[in-house]
Each structure stands twice: as C-alpha cells, then as structure tokens.
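Below: the structure, in structure tokens.
The figures here come from the full heavy-atom set of this structure, side chains too, leaving out hydrogens, waters and symmetry mates.
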Amino acid sequence: MTKVKVVNAQSIDGREYKKGEVAEFADGRARDLVAAGKAVPVPETPKAAPISKEAKNG
C-alpha cells in the first residue's frame with residue numbers, strides 16, 4: 001500500500017476526496033494516479049528507533 005496526496009477534489013474509485021487529502025492505495029493504483037496527474041506521492045517518514053531505558057536516564 002502506498003500513500004498519495006490528492007491534487008484536486010475528485011472522485012476516485014467511487015469515493016470523494018478533498019484537495020490535499022492523503023489516501024492509501026495499492027501500489028499499482030497509486031502509480032497510475034500519479035502518472036495521470038491526479039495525485040502526488042507522499043514521502044515515507046522513517047519510524048523512530050525505540051529509546052532504550054539507559055538513554056532516557058542519561
């Protein structure tokens with residue numbers, strides 16, 4: 001699954017999306033929406049590493 005940001009308010013796959021709304025689609029569908037100019041990819045943010053107890057206590 002890939003997250004994309006909808007460029008303009010529109011209906012995609014029978015659901016209404018607002019301008020700027022972030023939605024998650026299957027990889028192939030997201031690629032097709034980006035190629036058609038209906039959405040832009042959302043960069044994935046890396047998950048933060050868990051903080052150990054030793055690092056918390058200094």
Sorted by first residue and then second, give each ring-ring contact (aromatic ring centres under 6.0 Å, His included) pair with at least one member in residues 17-45; sequence neighbours left out.
-> Y17-F25
When Ile, Leu, Val, Met, Phe, Trp and Tyr are grouped by side-chain heavy atoms lying under 4.5 Å apart, directly or through other members, which residues fall in the same group as V40?
-> V7
Closest approach of P41 and V4, non-hydrogen atoms and distance?
-> CA-CG1, 4.4 Å
How long is the span from the CD atom in E24 to the NZ atom in K3, to the nearest 0.5 Å?
-> 5.5 Å
Can you name the closest pair of heavy atoms from S11 and E16 and give their distance?
-> CB-OE2, 3.2 Å
Do E21 and R15 sit within salt-bridge range, that is, some charged N less than 4.0 Å from a carboxylate O?
-> yes
Evaluate salt bridge (charged side-chain N to carboxylate O under 4.0 Å, His left out) for R29 paired with D13, printing each intermediate quantity in order.
-> CA-CA 10 Å; R29 182 66 176 139; D13 296 337; 3.1 Å; yes
Take L33 and I12 through the test side chain to side chain contact (heavy atoms under 4.5 Å, CB included) and record every step on the way to the result.
-> CA-CA 9 Å; L33 290 170; I12 301 173; 4.0 Å; yes
Separation between CD of Q10 and NZ of K19, rounded to the nearest 0.5 Å | 11.5 Å
